[in-house]
Amino acid sequence: MNLLTLFAIGRERQPDKTAIEFSDMHGALAPQQLTFASLHEQAQRWAAAFVRMGVRKGDRVALYLCNRPEFVIAYLAALEAGAVMVPINLRYRRRELSHILGDAEPALLVTEEAQVPVLDELSVTDLGPGTRVLSVDRVDAWLEGANAGKPAESTQVLPARAEETALLMYTSGTTGASKGAVLSHNNVLATVTGLLSAWAWEHNDVLLLPLPLFHTHGLVVGLHCALAMGATVRLRTGFDETETVNILSGGGATLFFAVPTIYTRLVELLAGLETAPDFSTVRLFCSGSAPLPAEVHNEFERLTGKRILERYGMTETGMNFSNPYAGSRIAGTVGTPLPGVFGRVVDAEGRELPAGEEGELLLRGSNVFDQYWRAPEKTAESFVQDELGNRWFLTGDLARVDPDTGYMTLLGRRHELIISGGLNIYPREVEEMLTTFPGIEEAAVVGEPDDVWGEAPVAYLVCSCAVDEAALERYCRSQLASFKRPRRLRFVEALPRNAMGKIQKHLLESGG
Ligand code: MCA
Ligand code: AMP
């Protein structure tokens with residue numbers, strides 16, 4: 001079994017049903033509807049072209065695309081061609097792109113016309129000599145070119161085995177540069193099959209999906225489950241409050257998956273309406289990727305009568321814990337392990353702690369990745385073996401299991417990760433970038449609570465001369481994805497350090 005065989009089960013149930021209903025909230029792309037059969041047929045044509053262009057089994061095919069049907073076609077085509085798909089965050093700019101492309105060395109980079117200005121900034125070295133760039137907006141031209149005069153049998157590819165790699169997903173690294181999590185078909189299948197049963201997916205489900213397909217949440221939790229079940233995805237290029245409320249109250253979706261920031265924004269909108277919209281046809285609202293504040297959880301229920309199901313996952317592991325579909329969903333918790341996932345909370349010495357005590361969460365299960373791409377040392381640091389020889393992944397998340405309910409609460413992170421609107425920011429990366437700006441000698445970036453984004457990065461700067469804030473802002477925008485840009489700058493004489501010279505960030509976080 002591989003991902004394509006799982007998707008075939010969904011497709012063959014009702015090939016003429018709508019797989020993807022797409023509309024672009026920005027109005028730049030035309031609305032589209034694709035049936036399962038036509039999605040499959042196009043993916044096969046694209047796959048044949050990919051193979052004829054030289055994509056071989058195990059090669060990487062990177063996607064730098066917004067949410068649109070062509071993302072799904074290109075992804076399925078990459079799998080059909082036996083390749084590994086590398087999704088890239090669309091907000092990434094030259095420095096971030098250059099790192100990922102240099103590390104993944106894709107044979108193909110599939111993109112769209114709207115991204116050409118960003119890609120134009122890349123040099124040949126950024127891109128790598130072996131990477132060919134294709135725009136989905138010029139698909140006819142390259143399909144024709146690739147297929148001209150080549151025999152059809154040259155495109156036959158052996159189906160991927162379960163242990164072969166399906167996805168290379170980049171996740172922010174504690175050391176600044178992001179690292180690629182290597183996910184096998186098996187890893188992803190484990191998450192998908194676990195969720196299909198845990199959340200009682202049905203083939204007549206309709207999922208409204210505003211989340212980007214370049215992250216696990218949109219791609220695996222959303223798209224994969226729908227394809228496997230033969231359910232329809234209403235794919236959006238982003239989140240629009242009003243359209244969301246209209247679709248959900250108009251019987252247009254049975255499922256809605258989002259990050260806490262989206263629920264915060266929905267609550268704000270709903271609280272201002274004179275009459276509460278009727279969401280009775282939506283059977284499940286899910287939240288994940290960052291902590292859902294209990295206040296938003298409860299307020300959403302008060303306004304809609306619907307209790308959000310909160311779950312917990314990671315790029316490296318797919319989904320791990322979930323509140324129950326049938327049963328009590330407790331605010332501030334992520335519930336219990338999904339089928340086949342094992343969790344253990346340990347102290348600093350790695351000893352397992354009893355329920356009720358706080359420690360780092362370790363995970364194992366078929367869903368857990370095997371290694372970071374081309375980074376054996378980082379891989380080795382990220383796993384420990386127990387007395388029985390089981391390999392546990394160190395999540396870096398601090399957790400406690402309630403001794404009465406057995407539900408887990410996430411308490412924070414061992415590393416300094418900031419999560420803004422469901423997107424990860426590693427302070428070290430921002431700090432390193434800031435100190436390349438003339439006049440900035442030292443920088444410390446910390447997360448501060450933010451009503452909408454959950455957390456926002458704030459930079460404390462030690463400067464040798466006056467710094468032009470507007471110029472610094474422009475510089476940040478050119479060097480970093482915009483969500484990583486510090487939202488506030490605080491100029492200080494010196495950063496607080498301990499006797500070892502290490503910056504004491506907790507003093508900055510408390511405003512000291
Ligand atoms: C957009 N902006 C942000 C963020 N998103 N700033 C901080 N944090 C953010 N997350 C800024 C832009 O830079 C821009 O700033 C301004 O907001 C408007 O941008 P726009 O694109 O219009 O924003 P939006 O469409 O309203 O986006 C908000 C969003 C989005 C829908 C909440 O951030 C989003 O899709 N977040 C979810 C990402 C996700 O799927 N995460 C899962 C990964 P300016 O105007 O200054 O330029 S984690 C995961 O997959 C794990 C496994 C898991 O458990 O799920
Ligand atoms: P990523 O590296 O993008 O895969 O993000 C994974 C991280 O998001 C996890 O290690 C958690 O810290 C965080 N996360 C995901 N879901 C939740 C949740 N429901 N509550 C709190 N944190 C979460």
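Salt-bridge check for Asp370 with Arg391: passed, with a basic side-chain N closer than 4.0 Å to an acidic carboxylate O. Using a cutoff of 4.0 Å between basic side-chain nitrogens and carboxylate oxygens, Arg94 and Asp126 are scored as salt-bridged. For Arg374 and Glu105, the salt-bridge test passes: some basic side-chain N is under 4.0 Å from an acidic carboxylate O. Under a 4.0 Å N-O distance rule, the pair Glu316/Lys179 does not qualify as a salt bridge. With salt bridges taken as basic N to acidic carboxylate O contacts below 4.0 Å, none links Glu381 and Lys378.
When the salt bridge (charged side-chain N to carboxylate O under 4.0 Å, His left out) test is applied to Arg474, no partner is found at least two apart in sequence or on another chain. In terms of the salt bridge (charged side-chain N to carboxylate O under 4.0 Å, His left out) criterion, Arg93 has no residue partners (sequence neighbours excluded).
With hydrogens and angles disregarded, no donor-acceptor distance shorter than 3.5 Å links the side chain of Ser366 to the backbone of Ala190. Checked by atom type and distance alone, the side chain of His224 pairs as donor or acceptor with a backbone atom of Leu219 at under 3.5 Å. No donor-acceptor pair closer than 3.5 Å links the side chain of Asn186 to the backbone N or O of Ala162.
Among all heavy-atom pairs drawn from Asn67 and Leu213, the shortest one is OD1-N, 2.8 Å.
Here the rule is side chain to side chain contact (heavy atoms under 4.5 Å, CB included) with Thr191, and of Leu196, Val368, Val220 only Val220 fits it.
For Arg138, the CZ atom counts as loosely surrounded, since its 6.0 Å shell holds 12 or fewer non-hydrogen atoms of other residues, nucleotides or ligands.
Tyr312 and Phe321 have tilted rings, their planes meeting at an angle from 30° to 60° on a 0 to 90° scale. Taking the six-membered ring for Trp and thresholds of 30 and 60 degrees, Phe383 and Phe393 have ring planes inclined between 30 and 60 degrees apart.
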Only pairs under 3.5 Å count here: list side-chain donor-acceptor contacts from residues 227-235, not counting sequence neighbours, and write none if there are none.
residue: Thr232; atom: OG1; partner: Thr18; partner atom: O; Å: 2.6
residue: Arg234; atom: NE; partner: Glu21; partner atom: OE1; Å: 2.9
residue: Arg234; atom: NH1; partner: Gly252; partner atom: O; Å: 3.0

